[in-house]
Each structure stands twice: as C-alpha cells, then as structure tokens.
Q: 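Have a look at the structure that comes next, please.
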Amino acid sequence: MNNRAFHLDKSNSKLMGVCSGIANYFDWDVNLIRIAFVLAALFGIGAPVLIYLIIGLVASDR
C-alpha cells in the first residue's frame, strides 16, 4: 500500500505548484506535466484551467 499524499511543490513552482506537485506524486518529469497542461488548456476549451485553479486552491503545500 502506498502511503504518500499529494502536496503542492512551492519550491519548484512556476505559478501555484500544481504541476510540480503532480510530477512529484507520480515521479514524472515536471516539464512533461506543464506541457500537457498547456496543450490541454489550448484544446480543452478552458476546463483544464479551472481544474488547475481548483487544485491550486484546495491542495495543501505541506
């Protein structure tokens, strides 16, 4: 069982630390997550931006 929790990563953040927190949680490259969010925002017609803001406001930053 995995006992890790999602946290924003303010030390490696560009805006709110959401992408770097996701990258740390899944052990992925943060730049891939950032590119994915930008592409999703361009082609997703605004929903990814809303999801990003919600995660940034709700998630804790340790």
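Both backbone and side-chain heavy atoms feed into the values below; hydrogens, waters and symmetry mates do not.
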Q: State the CG-OG distance between Leu8 and Ser60, to the nearest 0.5 angstrom.
A: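 Spacing of CG (Leu8) from OG (Ser60) equals 6.5 Å.
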Q: So which heavy atom on Gly17 is nearest to which on Ser20, and how close?
A: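 Taking Gly17 first and Ser20 second, the nearest heavy atoms are O-OG, 3.3 Å.
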Q: Ignoring hydrogens, what is the shortest heavy-atom contact between Ala59 and Phe6? Give both atom names and the distance.
A: CB-CE2, 3.7 Å
Q: Anything under 3.5 Å between a donor and an acceptor, one on a side chain of residues 26-41, the other on a protein residue two or more places apart or in another chain? List them.
A:
| unit_1 | atom_1 | unit_2 | atom_2 | d |
| --- | --- | --- | --- | --- |
| Trp28 | NE1 | Phe26 | O | 3.4 |
| Arg34 | NH2 | Asn12 | O | 2.8 |

Q: Once side-chain hydrogen bond (donor to acceptor under 3.5 Å, both in side chains) is applied, do any residues pair with Asp9, and if so which ones, sequence neighbours excluded?
A: Ser11, Asn24
Q: Scan for side chain to side chain donor-acceptor pair (under 3.5 Å) pairs involving residues 47-58, sequence neighbours excluded, and state none if there are none.
A: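 Found none.
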Q: For the residue pair Leu57 and Met16, establish whether any side-chain heavy-atom pair is separated by less than 4.5 Å.
A: yes
Q: If hydrophobic residues (ILVMFWY) are linked whenever their side-chain heavy atoms come closer than 4.5 Å, directly or via other members, who joins Ile54 in its cluster?
A: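 Answer for Ile54: Leu50, Val58.
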